[in-house]
Structure formats: structure tokens, C-alpha cells
Amino acid sequence: MDICKFCHHKSKASEKLNDSELSLQSENCAEYRFKKGDIIIRQGALSSNVIFLREGLVKLHMTGPLHEQIIKITYGPAYLGLPSTFGDKYNHYSVTAIEESLVCFIDLSTFRTFVKNNPDFTYQLMIELCVNELDSYHRCVSRTQKQVSGGLAENLLFFADTIYHSNKFELPLNREEIGNLIDASRESVSRTLSNFHDEGIIKIENKKITIIDKERLRLISQYG
DNA sequence: GCATTAACCACAG
DNA sequence: CTGTGGTTAATGC
């Protein structure tokens, strides 16, 4: 079985695996297709596998003292639970598919042998972790310092530029979830979206968004 | 004081 | 699940 060898959605790290390692991984993993809304990782449960998002879109979220907090939106290919898998024994956060997602569960001890025996693999893994950490610092600063309009603008640009590569897209989250992502109430999200619409910056029909004035949105994201 | 921002509540589609 | 209006609190001139 060489499903991993011929996979078109390898992680940067697993591109460094040799043929025998790839076939070992093939024998010790299972793939599963999640539908929108399905929970992939549950906060509090034991984490006994390495979980790799091959393709799709998910939200990482955790239950806070007041409400659910969305930590970040992640798209494939990406490892999903490394901080939980290696940082502790249980999942510190949940992962839920917000679009259909193809996920591979990789046996932890198999993965560990790659980490220990293949430096190129480990190096790529380390890069991914560091990029994630840098990104989380940036998002932390944005979240705490930007007002609602700035945070919203930033995330609309993120969906358009990074996720959908189009100025026209359908929001994969409802207003409350966007609020939980940018630290705002669902009412503020509604109102701010309406304001953007009225000012001709975007067009909204329910969850369909069209960005009209991207420059303006960038300015709001920067200064708002 | 006065303006701005945003949360909370209520109510209507 | 959304959008809007009224109200209230905090913050900054």
C-alpha cells in the first residue's frame, strides 16, 4: 500500500520521507472525510493520533469561561493537533470542519520514529510550528488592539485572499462565530457588515460576500 | 459635557 | 439565524 507516496496533499515534512517511511506511514494511518459541522477533535479527549488535514477548512476553538472562542481558521494541508499531541496528553482545543474536509489520522508511534530518525522531516515540522507560532502572535495583537471594523476587515481579506482566492465568496461562519473569532458580539458583526455594505465597501446577500473596495478594506484593517 | 464604540436586550422577519 | 433600535457603560477629548 502506497497511498501516502502518491498523495497529492503531502505536508512539507512528509515530502522528506523516503519510500519505505512513506509505506510505513501508509500502513499506519486512516483517512476520513468530514462534513461541514462535524467535530474532528474534541476538547478534553485524549489525543492519541497525529491528525493531518489534507484538504478542507476547519476552525480551532476552545470553551472559555464566558463563551466559545475561535482560536483560528486553518486550511489544508496542515497538521491539526501537534500542540495537543506533543505538548500534553489530551486535546486543549476542539477542531470542527467548516467545509468538507479530508483528514488523515496517523499512528503516533510511527510518526515519532520519523521525528527521531529523519532530520529533514523534523526540520520541516519545526518550520511549520514556528510559522504557526508567529502567526498566532500577530493574531493576538490584532485581536486585542483592533476595533470591530478593523478585525472584521482583516478577516474578510483573509477569506478572500488566503482561503478563496476571490473577491466573491460565501462566509463559512455565521455572525456569532465571526464574533467569537474577532472578539465581538454577533450584533456588532451584523451592524459592521451592514455599515461596510452601506459605504459601498462590500456587497452582502446573507452569507455571500463581494468585496468592492479592497483598498478601503485594507485601510480599515490596518488602522481600525 | 459630548462623541465614539460596543455590549446587552428585545423584537421582527 | 439576522438586522435594527433603544439603552447603558466605558473611554477619550
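The sequence lines fix the lettering, A, B, ..., with proteins before strands; numbering per chain opens at 1.
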Kindly indicate whether the side chain of Leu53(A), heavy atoms from C-beta on, has any atom under 4.5 Å from the side chain of Phe34(A). no

Qualifying residue, where the test is side chain to side chain contact (heavy atoms under 4.5 Å, CB included) with Thr96(A) and the options are Lys36(A), Lys59(A), Glu177(A), Arg42(A): Lys59(A)

Using a 4.0 Å cut-off to any heavy atom of chain A, which nucleotides of DNA chain C are the first and last in contact, reading 5' to 3'? dC1(C) to dG6(C)

Could you check whether Glu128(A) pairs with Lys12(A) (Lys NZ or Arg NE/NH1/NH2 to Asp/Glu carboxylate O, under 4.0 Å)? no

Test Ser188(A) against Ser185(A) for side-chain hydrogen bond (donor to acceptor under 3.5 Å, both in side chains), laying out the working first. CA-CA 5 Å; Ser188(A) 293; Ser185(A) 67; 3.1 Å; yes

Please test Lys214(A) against Asn167(A) for side-chain hydrogen bond (donor to acceptor under 3.5 Å, both in side chains), starting from the C-alpha separation and ending with a verdict. CA-CA 8 Å; Lys214(A) 193 173 249 184; Asn167(A) 288 330; 2.7 Å; yes

Would you call Arg216(A)-Glu199(A) a salt bridge at under 4.0 Å N-O? yes

Check every strand shown and say whether Asn195(A) touches a base, only sugar-phosphate, or nothing at a heavy-atom separation below 4.0 Å. nothing

Note: for Arg186(A) and Thr192(A) on DNA chain B, the residue whose nearest nucleotide lies more 5' is Thr192(A)

Ring centroids only, cut at 6.0 angstrom: are Phe111(A) and Tyr79(A) within range, meaning strictly under it? yes

Take the angle between the ring planes of Phe121(A) and Phe114(A) and call it parallel below 30°, perpendicular above 60°, tilted in between. perpendicular

Reading DNA chain B 5' to 3', which nucleotide is the first, and which the last, to come under 4.0 Å of any heavy atom in chain A? dT5(B) to dC9(B)

